[in-house]
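Presented below is the structure to which this report refers.
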Amino acid sequence: MKKVYAYPKSLKRAPFHYCPGCGHSIVHRLVCEVIDEMNLQDKTIGIPPPGCSVFAYNYFDVDMAESAHGRGAAVATGAKRAFPDAIVFTYQGDGDLAAIGTAETIHAANRGEQITTIFVNNAVYGMTGGQMAPTTLVGQKTTTTPYGRDESLDGAPIKMSEILALVKGTVYIERVAVNSPDNIRKAKKAIRKAFQTQIYKLGFSMVEILSPCPTNWKMSPIESWQWVDREMTKVFPLGVIKDTTEKKDAD
Amino acid sequence: MTGNSAIAEAAIRAGCQCYFGYPITPQNELTEYMAANLSRRKGCSFIQAESEISAINMVYGASVVGARAMTSSSSPGISLKQEGISYLAACELPAVIVNMSRGGPGLGSIVAAQSDYFQSTRGGGHGDYRTIVLAPSSVQELADLTHKAFDLSDKYKIPTLILGDGILGQMMEPVEFHYEAPAELLVRPDGLRGAKGRPSKIIKTFTSDPAQLEELNWSLFRRYELIKKQETACETFMVDDAKLIVVAFGIAARIARGAIKTVRAEGLKVGLMRPITLWPYPSEKIQELAKGVKQYLVFELNMGQMIEDVQLSLAGQGEVSFYGRPGGVIPTPSEVARVISRLYYQKGLK
């Protein structure tokens, strides 16, 4: 009988600690599938952040080094510069990448660091209990925006993919979602392309993944998947944000 | 050669593969020397980072994969690096951090000061940890201790600080380098290089199990005890017949030495104890001296920080006076000589 699906080799057989309906476990699996298919398990170094995915190293069966909050791109830069043969990826949330780590991220991208960033955007600080993230939607209620995010006080959700697309060292950015089988397939394709970009040494690559957080959104898993489509993608439209992988001298 | 350049050259010769820094006076010559000389070396990497925070985290990343890595800054920038230093200490990762310190608090001044003693010797960032702290007092010693810092850091898997100051960094003295740069890059065997032929490895500090974290703290402190036993270093000058001993480190010790020569010429029996390692502190040496000498003068370019370590070391076995100038004011050897001489007579030692 033909085997059509198997548990990824680089995904440890540990039960996920994530909440039911959370996107992290799907993203973990997709990254591991890509690592397996591209035969990268023995040369990959992952940089997980603080936050819900702080335990990512319990699931990824590759070398992993924890980063301080927001510093993933700087840690990855140091690792990749010192050991260019490695495939280095960061795994970061929206608070990590789009708030405290904004400077590290933009400058790593601007230098065209040969690293890949998996940016999981769930519009909320998950691990700390559902506070406002830089990507929280206007009007969205969180524990620190109990009356809804007020644009005049809190600003509007920041679009890191679009911002990062402006710097020359960024070569590939795509925004995807993991809320339906179709979107999950597209997400995997994007992750694969981002790793390929690094292998070809073309520059900085990132995949932004809209990911449901039913617990902190106070929704059922199904409602949260629908909310990604209905609300999040209006502010964060899916698709390729930048792709200059085919061009020699982009921008 | 300036002190800052001497550190950079010594680091290259010690096999430093990666340097990440951010401009701040008075240590820019170090960064510039690395930009000119390290960046051209095969397999080596220099980055002018976007911040001191990024620079120390790049050092962390390089250390994770087993490379010899270094960053440098001055007081306000070192404050920013404390987050990264705490993580390095927790993850038991080697790294060399240079602080060519300046006057504080706040933005302070760009002139030499020693007001970062507490920050340097008590860990500096959050959590229970220590770093090895080396305090050179000449350009030659800057070079020698830089090399030593890399070796100690690797040997004990502990971030190591070189605590200099604006004068040491800027002054020019002849310097001799005792090592050639290694032909091959030095890679620590425990660095993460991909899970090839071995299970995957994790470098982390976070745990939800307090018992595990307690054990990490215990294991760090067991290693610290070993470092105390094996690596404590100091220098003494004219202490054999001394009735009064001046305790000073770094550039202050240099000034004190000149002052002691002056008062010796007047017949006062004064000596110098200069800690070379500020952590671990040479307490045993002070206890040994205290068997014969009861009067101590601590001289620092701050409001009195190392004096606490002298008092702790003496544990009541001697009397400690203090002379300090904060904010970047540098007294001359003759000013210090007057302070020594006044104290000598006040205490009835003549």
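Just so we're on the same page: letters track the sequence lines, and every chain starts at 1. Please read these numbers as outputs of a predicted model, since none were measured by experiment.
- Counting heavy-atom pairs closer than 4.5 Å to chain A, the top residue among B/Glu83, B/Gln17, B/Arg193 is B/Arg193.
- For A/Ser10, no part sits under 4.5 Å from any heavy atom of chain B, backbone or side chain.
- Contact detail for B/Phe206 and A/Tyr57: the closest heavy-atom pair is O-OH, 3.5 Å.
- Taking chain A as the reference chain and counting heavy-atom pairs below 4.5 Å, the highest number among B/Cys91, B/Ala67, B/Ala62 is found for B/Ala62.
- The two residues B/Leu192 and A/Met64 come nearest to each other via the heavy atoms CD1-O, 3.5 Å.
- In this structure, the separation between OG on B/Ser54 and NE2 on A/His107 is 7.5 Å, given to the nearest 0.5 Å.
- Here the closest heavy-atom approach between residue B/Phe20 and residue A/Gly78 is recorded as CZ-CA, 4.1 Å.
- Residue contact with chain B, scored on non-hydrogen atoms closer than 4.5 Å, involves the backbone and the side chain of A/Glu104 alike.
- Here the CZ-OH distance, from A/Arg71 to B/Tyr60, works out to 13.0 Å after rounding to the nearest 0.5 Å.
- Distance check, rounded to the nearest 0.5 Å: CZ of A/Phe60 to CD1 of B/Ile202 gives 12.0 Å.
- For chain A, the nearby parts of B/Ser200 are the backbone and the side chain; heavy atoms of each come within less than 4.5 Å.
- A/Asp63 approaches B/Lys201 most closely through the heavy-atom pair OD1-N, 2.8 Å.
- Note: B/Ile47 CD1 to A/Glu113 CD = 5.0 Å, rounded to the nearest 0.5 Å.
- Of the possible polar contacts, none joining the A/Asp42 side chain to the B/Gly194 backbone as a donor-acceptor pair under 3.5 Å is found.
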